[in-house]
Every structure is written in C-alpha cells, then in structure tokens.
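What follows is a set of notes on a single structure, which appears directly below.
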Amino acid sequence: MAPRAVTRERLAGAARAALGGGRRLEAVERVAGGSKKGVYRLVMDDASTAVAYVWDDDENYWPAAPGDDDLTDPFSPGLGLDLFEAAHARLDALGVRVPAIRLVERAGVHGPSDLAVVEDVRGENLRDLVARDPRAAAPVLDRLGEALEAMRRHRAPGYGKVAVVDGSGASRGTSCEGVVLDRALRDLAEAASRDPRIGAARVRLEERLRDLAGAVRPRERYAVVHGELGPDHVLVDADGRPVLIDIEGTMYFDVEWEHVFLRIRLGDAYGPLAVAGLDEDRLALYLLAQRLSLTAGPLRLLDGEFPDRAAMAGIAEHNLRAALDLC
C-alpha cells in the first residue's frame with residue numbers, strides 16, 4: 001500500500017539522513033496495525049532497514065473529536081513527536097527496551113508533518129509468539145515483567161501524560177479514578193447511541209460505574225504505564241528481549257489500569273506478569289471502563305476508513321458482551 005500522506009521523496013531523504021549516505025531507498029512497505037500514525041518499513045538497496053513513523057491527519061483513521069489536542073487529558077490521543085520523544089526518554093531511562101531513534105524531523109522542515117525514523121525490530125510480536133510457541137514466549141514474558149516492575153517502581157506525585165508530568169504540568173481532574181469514570185460515562189453514552197443492547201442497559205451500567213468509582217480510596221503517587229500494552233505492542237528482538245512500541249500514550253497513572261489491559265489482551269498467558277498488592281476496587285472499576293472503551297472506540301473507528309473492518313467489529317462485539325456481563 002502506498003503512503004497516504006508522506007511522499008516517497010521525503011522518506012528517501014529521511015532514510016539517507018538516518019542511515020547514512022551511499023544508500024538508496026529500494027522499497028517502502030506499510031506496516032500493518034497503525035491506526036493513529038503511518039508506519040513504514042524503509043528498505044535500502046544494501047538490505048538495511050529502518051521504520052518511519054509519520055504523524056499526519058491523513059494517516060490517522062480515527063474520526064476527530066473535541067479535546068483531541070488537550071494534552072491535560074491523560075486519555076487524549078497520543079499523537080505527535082513531542083509525546084513520542086518524552087515517552088521514549090522516560091522508558092529508556094528506566095531500562096525499558098524501545099526502538100532506538102535514528103532521526104526526528106518536525107513538521108515544516110521537509111514536510112507538513114512530524115516524522116521519526118527508528119530501529120527496525122524485525123522479530124515477531126508477543127501476541128504471535130504466545131500463540132505459536134508458549135514455551136518460547138515464557139522467557140520474554142519474564143523479561144516483560146521485569147520491565148513492568150521498573151515502570152511500577154518509578155513514581156510521580158501527579159498523573160497524566162509523561163510529556164505533561166515530566167514537564168511540570170498538571171492534568172485535568174482530581175484523580176485517576178475520576179478521569180476514568182468521566183471517560184467511561186462518555187464511552188457508555190457513545191456505545192448506547194450505536195448499539196441498542198448497550199442502550200437498553202445504559203442505566204444499569206451507569207449505576208454500576210458510579211458505585212465502583214465510589215468504592216475507590218484516594219491515592220497520591222502514580223507509576224509509569226504504557227496505557228495500551230497489548231501483546232501486539234510488544235516486539236521481540238533478536239536477543240529475546242521485549243521491545244515496547246506505540247508508546248506515545250505512556251503516562252503516569254494507576255498501575256491497575258495497565259494490568260487490567262494486560263489481563264484482557266493476554267488472557268491465560270497473563271500469569272507471569274501478575275503482581276501482588278493491586279487495588280481490587282480499582283481493578284473492578286477499570287475493567288468495566290475498559291470494556292466500554294473497547295466497545296465504543298472500535299465502533300467509532302469503523303466510521304472512518306480503517307481497513308481491517310471485520311477484526312475491529314469483532315473486538316467491539318466481544319467487549320460489548322463482556323461489559324453487559326459486568327452490570
């Protein structure tokens with residue numbers, strides 16, 4: 001598939017700058033899975049490769065919504081080079097493996113959009129490895145657990161996107177659970193407007209969300225979390241190390257948010273990542289909130305031109321049913 005918003009000439013220039021002169025861009029391959037940015041593998045004539053990230057409106061399949069550019073909202077879309085660089089710096093400082101940055105280029109230098117060229121980690125992702133060979137995946141999960149522990153130990157007195165908190169900024173709201181409740185109520189309203197089954201259960205679901213949020217006790221320090229750490233956002237490098245990708249949404253938040261997402265996405269394979277001492281009240285609230293988010297979000301994405309429509313509809317249906325089971 002040809003690039004949607006970025007020219008081959010710009011990618012060729014970025015590839016030469018990132019990988020050194022004397023090479024010629026041989027091929028550009030779109031990497032499947034990106035919904036908020038363009039992801040392209042750059043193949044040079046000497047077979048060396050890199051990956052280009054392009055943040056551009058034409059590369060973003062998500063319909064625009066009010067507040068998308070509000071960085072004080074921890075859950076606003078993770079878009080752009082500033083968020084990527086801040087998250088990369090924080091994770092790298094914690095010893096968490098992320099693709100090495102080869103080049104960054106801001107909008108207006110050689111094109112209308114932010115662009116980064118990073119190391120091409122050619123191993124399969126953790127989702128595919130777990131499905132193909134659970135025994136081979138076991139040491140990778142152990143290493144991922146070590147990375148998550150390093151992230152959990154690093155605390156901050158405020159919550160929100162890494163770029164905001166590390167920049168001494170403040171996020172909206174008064175607590176993680178409050179932000180999650182507000183978001184869940186919006187997701188509930190959106191899902192109810194799109195599917196009559198959620199519409200029929202809307203009152204029960206809203207009451208359940210408010211009851212769960214009311215049981216959560218205050219907290220004053222927050223850990224580093226990826227935010228959407230599904231196994232498809234973990235690559236495995238040649239040394240068997242997990243490599244976190246799609247990191248722009250990295251934030252300081254309740255660690256329970258991360259573990260609910262991991263449980264949902266990994267299922268039975270989650271076991272090696274389990275940790276003691278998580279807050280059960282937060283886990284209960286965040287589970288229902290994420291089920292609603294994973295219903296409303298995919299339904300909204302299907303309003304646009306996202307290509308893998310059957311898979312996205314399946315995600316919405318699975319989580320819709322799971323949400324109804326929780327009320």
Side-chain angles (χ1 to χ4, degrees), residues 62-63 65-68 70 72-78 158-161 170-223 225-230 249 251-267 270 277-303 312-327:
W62 289 86
D68 277 357
D70 181 7
T72 68
D73 179 356
F75 293 113
S76 63
Y159 63 86
K161 294 184 183 301
S171 298
R172 65 163 59 184
T174 58
S175 67
C176 292
E177 61 271 20
V179 171
V180 169
L181 176 61
D182 289 345
R183 180 178 189 247
L185 292 173
R186 293 195 301 270
D187 286 333
L188 173 58
E190 185 167 359
S193 72
R194 294 167 180 270
D195 191 286
R197 292 167 293 175
I198 294 290
R202 180 174 179 177
V203 172
R204 297 199 315 275
L205 285 164
E206 180 171 343
E207 290 176 349
R208 182 63 176 155
L209 284 168
R210 294 190 184 279
D211 287 346
L212 291 171
V216 175
R217 301 277 64 83
R219 179 178 282 172
E220 296 181 350
R221 297 191 69 81
Y222 309 94
V225 303
H226 178 283
E228 293 183 338
L229 194 55
M251 57 185 174
Y252 293 95
F253 212 72
D254 286 336
V255 71
E256 288 84 1
W257 183 264
E258 191 94 289
H259 281 269
V260 166
F261 198 86
L262 286 163
R263 287 180 184 179
I264 289 173
R265 294 297 310 280
L266 282 167
Y270 167 76
L278 298 181
D279 185 329
E280 293 297 329
D281 291 327
R282 282 182 167 79
L283 291 172
L285 171 63
Y286 294 171
L287 177 59
L288 179 53
Q290 290 195 26
R291 291 299 191 187
L292 290 169
S293 175
L294 290 168
T295 302
L299 291 176
R300 182 168 64 253
L301 188 57
L302 290 171
D303 284 345
M312 197 56 59
I315 291 171
E317 180 65 20
H318 173 76
N319 285 283
L320 185 154
R321 294 181 180 183
L324 293 176
D325 288 342
L326 291 171
C327 72

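Heavy-atom basis, side chains included; hydrogens, waters and symmetry copies ignored. All residue numbers in this chain count up from 1 along the given sequence.
- By the 4.5 Å heavy-atom criterion applied to side chains, Asp187 and Arg183 are counted as neighbours.
- When each of Asp279, Asp211, Val216 is checked for a side-chain contact (heavy atoms from CB on, under 4.5 Å) with Leu285, only Val216 meets the rule.
- Listed for the Asp195 side chain is no donor-acceptor partner under 3.5 Å among the backbone atoms of Ala191.
- Residues that satisfy the ring-ring contact (aromatic ring centres under 6.0 Å, His included) test with Phe261, not counting sequence neighbours, are absent from this structure.
- Among pairs with a residue in residues 203-223, those fulfilling ring pair (Phe, Tyr, Trp, His ring centres under 6.0 Å) read Tyr159-Tyr222, at least two apart in sequence or across chains.
- Between Phe75 and Phe253, the ring planes lie perpendicular to each other; the angle is over 60°, past the 30° to 60° tilted range.
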After noting the C-alpha distance and the side-chain angles of Arg321 and Glu317, does the key distance pass the salt bridge (charged side-chain N to carboxylate O under 4.0 Å, His left out) rule? CA-CA 6 Å; Arg321 294 181 180 183; Glu317 180 65 20; 2.7 Å; yes
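- The backbone N or O of Asp70 sits less than 3.5 Å from a side-chain atom of Ser76, completing a donor-acceptor pair.
- Note: Leu320 CG to Arg197 CZ = 4.5 Å, rounded to the nearest 0.5 Å.
- Taking each heavy atom of Glu258 and His226 in turn, the nearest pair found is OE2-N, 2.6 Å.
- By the 4.5 Å heavy-atom criterion applied to side chains, Leu185 and Leu181 are counted as neighbours.
- Here the shortest heavy-atom pairing between Pro298 and Ser293 reads CD-O, 3.7 Å.
- Of all heavy-atom pairs spanning Gly227 and Met251, the tightest one is CA-CE, 4.5 Å.
- A heavy-atom distance below 4.5 Å is found between the side chains of Leu288 and Leu205.
- For the pair His318 and Arg291, the minimum side-chain heavy-atom distance is below 4.5 Å.
- The side-chain heavy atoms of Tyr286 and Glu177, taken from C-beta on, include a pair separated by under 4.5 Å.
- The backbone N or O of Pro74 sits nowhere less than 3.5 Å from a side-chain atom of Arg172 that would complete a donor-acceptor pair.
- In this structure, the side chains of Leu209 and Leu292 come closer than 4.5 Å at one or more pairs of heavy atoms.
- For the pair Leu324/Ile198, a side-chain contact is recorded, criterion being any heavy-atom separation below 4.5 Å from C-beta on.
- The distance from the CG atom of Asp182 to the CG atom of Asp73 is 9.5 Å, given to the nearest 0.5 Å.
- With rounding to the nearest 0.5 angstrom, the CZ atom of Arg282 is 7.0 Å from the SG atom of Cys176.
- No side-chain heavy atom of Leu212 sits less than 4.5 Å from a side-chain heavy atom of Asp281.
- Put simply, OG1 on Thr295 and CG on Asn319 are 5.0 Å apart, with the number rounded to the nearest 0.5 Å.
- Here side chain to side chain donor-acceptor pair (under 3.5 Å) pairs that include residues 198-208, with residues two or more places apart or in two chains, are Glu206-Arg210.
- Rounding to the nearest 0.5 Å gives a distance of 5.0 Å between CG of Leu326 and CG of Leu287.
- The backbone N or O of Trp257 sits less than 3.5 Å from a side-chain atom of Gln290, completing a donor-acceptor pair.
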